[in-house]
Amino acid sequence: MDFRLTDEQKMMIDTARQIGDRFGLEYWRKQDAAKAFPTEYWRAVCDAGLCGVALPTEHGGSGLGMLEMALIVENLAATGGGSTVGQLFMINPIFGGVSIARFGNEKMRAELLPKIISGEINCCMALTEPDAGTNTLEIKSFAAADGPGWRLNGRKIWITGVASATKMLVIARTKKVADSTSRTDGLSMFMIDVQRAGLTHTPIDKLGTCTLDSSSVFFDNVLIEPDELIGTLHQGWRELLDVLNTERIVTTAGLVGTGELAIKLAVNYANDRKVFGDTPISAYQGLQFPLAQCHVEVESARLLNHKAATNCDMGLPYGSEANAAKLIAAQAVGRATERAMQTMGGMGYAKEYHVERLWRDCRLFRFAPVSEEMILNFVANHDLKMPRSY
């Protein structure tokens, strides 16, 4: 294995660092307080060509891979954005870009991919439902055939970025369970307009990730056109998994960057603060050891995520690595942000020192986009070959 980065990858990292430093921590503190989408930031990311790094060159992308995307997300997150950066890449080049590039029709690819890559439009994905969170196969939203198209009815919850999105990737049943050959049969994916008759959404007030809204979405007889189908009618389950596993990679990359940033803020603070004489508090092993432990765990998550991304780019199985990396990252970064706050004492609780935002934001990812318990179920069933318990 060769862990050396190419010159092109190093250039992408430098570009990501420069963009992140240009906006900085204060920008994110203000956006968080205003609960405002980071419009200027995302446009800068897109203008630099970073959004389309893994999307096709014929539509304006760079035609590279998930490893390059992970490197970009890590470094953008580590320079101020934190784990929210992973979500920005999740909703746009993953939910929008990957789904269209791999499974969309040619008209859809030609029309939408350049707009996603340039940042002209944002996307979101409507999957989770009130009674079907982790258990996607139990979704009830139903798109009934209506002439050449469909009529969609149902409800989704905890959908990220709806208010700022132009397009929505919707997963719905198109065949009743009673008429299906299996639980995975009868699921389909569609790319529809957010602004459409019968589609409404309401915001959910929440603890963190405030720069990206979360919403309940309602479909009341929403018309879906024939050319808005993505992938194979009734057979969208396997195609959806391709989208979800790449989602894990960018989520983990955002967490890794968050851990790096939190530890850096804690170390800088501890190096400057002196309480007992002229010795900085960073010299005390009671503070050193927990931060060192967090650093090691974050680096472990980074490496496993790079393996998942590399396997993905090589066409090898990568689901186990992607899920395991996300598990480690979410737990390690939860500890890292907590220890950073503890190192800073009262100042860690103050918004002006930024760690509290990182702590609030990263907490989401212990149960989203997939909970750590379900990841452990996956590892036990698929990797250890233990019997399924649910």
Enquirer: Does any non-hydrogen side-chain atom of Arg273 lie less than 4.5 Å from one of Pro280?
Expert: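 A side-chain contact is absent here, since even the closest heavy-atom pair is not under 4.5 Å.
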Enquirer: Run Asp32 and Thr211 through side chain to side chain donor-acceptor pair (under 3.5 Å) and show every step you take.
Expert: CA-CA 5 Å; Asp32 176 76; Thr211 57; over 6 Å; no
Enquirer: Check whether any side-chain N or O of Lys385 sits under 3.5 Å from a backbone N or O of Ala380 as a donor-acceptor pair, and report yes or no.
Expert: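 Side chain of Lys385 to backbone of Ala380, a donor-acceptor pair under 3.5 Å: no, none is there.
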Enquirer: Ser62 and Glu68: side-chain donor and acceptor closer than 3.5 Å?
Expert: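 No.
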Enquirer: Would you tell me whether Ser83 and Asp361 have side-chain atoms, one donor and one acceptor, within less than 3.5 Å of each other?
Expert: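 No, no side-chain donor-acceptor contact under 3.5 Å.
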Enquirer: So, the side chain of Asp313 versus the backbone of Leu67: is there a donor-acceptor pair under 3.5 Å, distance only?
Expert: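 It does hold such a pair.
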Enquirer: Evaluate the criterion side-chain contact (heavy atoms from CB on, under 4.5 Å) for residue pair His201 and Ile159; output intermediate values, then yes/no.
Expert: CA-CA 9 Å; His201 52 93; Ile159 309 306; over 6 Å; no
Enquirer: Could you grab the distance from atom OG1 of Thr251 to atom CD of Gln87, nearest 0.5 Å is fine?
Expert: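 Going from the OG1 atom of Thr251 to the CD atom of Gln87 covers 7.5 Å.
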Enquirer: Taking Arg183 for its side chain and Glu138 for its backbone only, find out whether a donor-acceptor pair lies under 3.5 Å.
Expert: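 Checked: no pair found.
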Enquirer: Could you check whether Gln288 and Ser282, counting side-chain N and O atoms only, form a donor-acceptor pair closer than 3.5 Å?
Expert: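 Checked: Ser282/Gln288 side chains show no N/O donor-acceptor pair below 3.5 Å.
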Enquirer: Mind checking whether Phe378 and His382 have parallel, tilted or perpendicular rings, split at 30° and 60°?
Expert: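 Because their plane-to-plane angle is under 30°, the rings of Phe378 and His382 count as parallel.
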Enquirer: Just wondering, are more than 12 heavy atoms of other shown residues or ligands nearer than 6.0 Å to CD in Glu106?
Expert: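 Yes, because the 6.0 Å sphere around CD of Glu106 holds more than 12 heavy atoms from other groups.
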Enquirer: Could you tell me which non-hydrogen atom of Pro226 sits nearest to which non-hydrogen atom of Gly149, and how far apart they are?
Expert: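 Taking Pro226 first and Gly149 second, the nearest heavy atoms are CG-N, 4.0 Å.
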Enquirer: Tell me whether the count of non-hydrogen atoms from other residues, nucleotides or ligands lying under 6.0 Å of OH in Tyr284 goes above 12.
Expert: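 Yes.
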Enquirer: Working note: His306 + Phe3, criterion side-chain contact (heavy atoms from CB on, under 4.5 Å); need CA distance, chi angles, decisive distance, verdict.
Expert: CA-CA 9 Å; His306 286 185; Phe3 292 96; over 6 Å; no
Enquirer: Please tell me if the side chains of Leu5 and Leu71 come closer than 4.5 Å, counting only heavy atoms from C-beta onward.
Expert: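 With C-beta onward as the side chain, the pair touches.
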Enquirer: Does one hydrophobic cluster hold both Val250 and Leu241, with members joined at side-chain heavy-atom distances below 4.5 Å?
Expert: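 Yes, one cluster joins them.
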Enquirer: Can you tell me if CD on Gln235 sees more than 12 non-hydrogen neighbours from other groups inside 6.0 Å?
Expert: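 Yes.
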Enquirer: Looking only at heavy atoms, what is the nearest atom pair of Ile19 and Tyr41, with distance?
Expert: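 Minimum heavy-atom separation between Ile19 and Tyr41: CG2-CE1, 4.4 Å.
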Enquirer: Any idea which heavy atoms bring Ser214 and Thr160 closest together, and the distance?
Expert: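 Scanning both residues, the minimum pair turns out to be OG-OG1, 4.4 Å.
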Enquirer: Will you find, in the side chains of Lys206 and Thr209, an N or O donor that is under 3.5 Å from an N or O acceptor?
Expert: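 Yes, because at least one side-chain N or O of Lys206 sits under 3.5 Å from a partner of the opposite role on Thr209.
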Enquirer: What are the two closest heavy atoms between Phe95 and Cys124, and how far apart are they?
Expert: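 So the minimum-distance heavy-atom pair works out to CD1-C, 4.3 Å.
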Enquirer: Applying the side-chain contact (heavy atoms from CB on, under 4.5 Å) test to Leu261, which of Leu358, Thr337, Val333, Val355 qualifies?
Expert: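 That would be Leu358; it is the only one of Leu358, Thr337, Val333, Val355 passing the side-chain contact (heavy atoms from CB on, under 4.5 Å) with Leu261.
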Enquirer: Is Tyr390 atom OH crowded by more than 12 heavy atoms from other residues, nucleotides or ligands, each under 6.0 Å away?
Expert: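 Counting other residues, nucleotides and ligands, OH of Tyr390 exceeds 12 neighbours.
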Enquirer: Quick one: do Phe218 and Leu199 satisfy side-chain contact (heavy atoms from CB on, under 4.5 Å)? Show the steps, please.
Expert: CA-CA 6 Å; Phe218 305 89; Leu199 194 163; over 6 Å; no
Enquirer: Is Glu356 salt-bridged to Lys351, cutoff N-O under 4.0 Å?
Expert: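 Salt bridge: yes.
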Enquirer: Roughly how far, to the nearest 0.5 Å, is the CH2 atom of Trp237 from the OG1 atom of Thr232?
Expert: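 It comes to 15.0 Å.
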Enquirer: Taking Asp185 as the fixed residue, which of Lys175, Arg173, His234 is the one that meets the side-chain hydrogen bond (donor to acceptor under 3.5 Å, both in side chains) rule?
Expert: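 In the set Lys175, Arg173, His234, the residue that makes a side-chain hydrogen bond (donor to acceptor under 3.5 Å, both in side chains) with Asp185 is Lys175.
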Enquirer: Linking I/L/V/M/F/W/Y whenever their side-chain heavy atoms sit closer than 4.5 Å, directly or via other members, would Met90 and Val217 fall into one cluster?
Expert: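 No, it is not one cluster - the side chains of Met90 and Val217 are not joined through contacts under 4.5 Å.
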Enquirer: Are Asp213 and Val162 close enough, and set up right, to give a side-chain contact (heavy atoms from CB on, under 4.5 Å), and what steps lead you there?
Expert: CA-CA 7 Å; Asp213 61 281; Val162 178; 4.0 Å; yes
Enquirer: Any donor and acceptor pair, going by atom type alone, linking the side chain of Asn153 with main-chain N or O of Asn221 inside 3.5 Å?
Expert: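 Yes: the side chain of Asn153 pairs with the backbone of Asn221.
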Enquirer: Would a single hydrophobic cluster contain both Ile91 and Leu255, if residues Ile, Leu, Val, Met, Phe, Trp and Tyr are joined by side-chain heavy-atom contacts under 4.5 Å?
Expert: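 Hydrophobic grouping puts Leu255 apart from Ile91.
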Enquirer: Which distance, rounded to the nearest 0.5 Å, do you find between the OG of Ser300 and the NE2 of His295?
Expert: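 One gets 9.0 Å once the value is rounded to the nearest 0.5 Å.
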Enquirer: Given the rule that I, L, V, M, F, W and Y join up when any side-chain heavy atoms are under 4.5 Å apart, are Leu240 and Leu137 in one cluster?
Expert: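 Yes, Leu240 connects to Leu137 through the hydrophobic network.
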Enquirer: Between Lys140 (side chain only) and Glu129 (backbone N and O only), is there a donor and an acceptor less than 3.5 Å apart?
Expert: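 Side chain of Lys140 to backbone of Glu129: no pair is present.
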Enquirer: I'd like to check Lys107 versus Asp227 (side-chain heavy atoms, cut-off strictly below 4.5 Å). Are they in contact?
Expert: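 Yes, close enough: below the 4.5 Å cut-off.
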Enquirer: Keeping Arg196 on the side-chain end and Leu223 on the backbone end, is there a donor-acceptor pair under 3.5 Å?
Expert: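 Looks like yes, one N/O pair under 3.5 Å.
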Enquirer: Is the shortest distance from a Lys or Arg side-chain nitrogen in Asp205 or Lys35 to a carboxylate oxygen in the other one below 4.0 Å?
Expert: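 Between Lys35 and Asp205 there is a salt bridge, with a charged N closer than 4.0 Å to a carboxylate O.
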Enquirer: Considering residues, nucleotides and ligands other than Asp2, do more than 12 of their heavy atoms fall under 6.0 Å from its CG?
Expert: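 Result for CG/Asp2: enclosed.
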Enquirer: Supply the atom-to-atom distance Arg17 CZ to Asn75 CG, rounded to the nearest 0.5 angstrom.
Expert: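 Rounded to the nearest 0.5 Å, the CZ-CG separation comes to 4.0 Å.
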Enquirer: If you look at every heavy atom in Met191 and Ser99, which pair is closest and at what distance?
Expert: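 Looks like CE-OG, 3.7 Å.
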Enquirer: Examine Val98 and Leu113 and state if one hydrophobic cluster contains both, with Ile, Leu, Val, Met, Phe, Trp and Tyr joined whenever side-chain heavy atoms are less than 4.5 Å apart.
Expert: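 Yes, one cluster joins them.
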Enquirer: For the pair Glu338 (side chain) and Trp359 (backbone), establish whether a donor and an acceptor sit closer than 3.5 Å, ignoring hydrogens and angles.
Expert: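 Pair absent, no side-chain N/O of Glu338 close to backbone of Trp359.
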Enquirer: If only side-chain N and O atoms count, and only distance matters, is there a donor-acceptor pair under 3.5 Å linking Arg388 with Asn381?
Expert: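 The answer is no; no qualifying pair exists.
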Enquirer: With heavy-atom distances below 4.5 Å as the criterion, would you say the side chains of Ile192 and Lys167 are in contact?
Expert: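 In short, these two side chains do not touch, never coming nearer than 4.5 Å.
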Enquirer: Establish, from distance only, whether the side-chain atoms of Glu111 and His59 form a donor-acceptor pair under 3.5 Å.
Expert: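 On atom types as modelled, these side chains do not qualify, holding no pair under 3.5 Å.
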Enquirer: For the side-chain contact (heavy atoms from CB on, under 4.5 Å) test, which of Ile94, Val370, Leu327 pairs with Arg248?
Expert: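 Passing option: Val370.
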Enquirer: Find out whether Leu212 and Thr84 are in side-chain contact, i.e. whether some heavy atom of one side chain is under 4.5 Å from a heavy atom of the other.
Expert: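 Result yes, sub-4.5 Å side-chain heavy-atom pair found.
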Enquirer: Can you check whether Ile249's main-chain N or O pairs, donor with acceptor, with Thr252's side chain at less than 3.5 Å?
Expert: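 Checking the backbone N and O of Ile249 against the side chain of Thr252, no donor-acceptor pair under 3.5 Å is found.
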Enquirer: Side chain of Arg43, backbone of Gly119: donor and acceptor closer than 3.5 Å?
Expert: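 A pair under 3.5 Å: yes.
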Enquirer: Tell me if the aromatic rings of Phe89 and Trp42 count as close, with their centers under 6.0 Å from one another.
Expert: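 So the answer is yes for these two rings.
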Enquirer: Please indicate whether Asp179 has more than 12 foreign heavy atoms, meaning atoms of other residues, nucleotides or ligands, lying under 6.0 Å from its CG.
Expert: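 Atom CG in Asp179 is crowded, with more than 12 foreign heavy atoms closer than 6.0 Å.
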Enquirer: Once you round to the nearest 0.5 Å, how far does CZ of Arg335 lie from CD of Glu297?
Expert: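 Spacing of CZ (Arg335) from CD (Glu297) equals 4.0 Å.
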Enquirer: Is the shortest distance from a Lys or Arg side-chain nitrogen in Glu260 or Arg302 to a carboxylate oxygen in the other one below 4.0 Å?
Expert: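 Between Arg302 and Glu260 there is a salt bridge, with a charged N closer than 4.0 Å to a carboxylate O.
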Enquirer: Between Asn305 and Ala325 (side chain of the first, backbone of the second, donor and acceptor by atom type, cut-off under 3.5 Å), is there such a pair?
Expert: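 No, Asn305 side chain to Ala325 backbone: no donor-acceptor pair under 3.5 Å.
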Enquirer: Measuring from atom CD of Glu239 to atom CG of Leu244, what distance do you get when rounded to the nearest 0.5 angstrom?
Expert: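 Spacing of CD (Glu239) from CG (Leu244) equals 12.0 Å.
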Enquirer: Which atoms form the tightest heavy-atom contact between Leu265 and His354, and what is the distance?
Expert: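 In terms of heavy atoms, the two residues are closest at CD1-CB, 4.3 Å.
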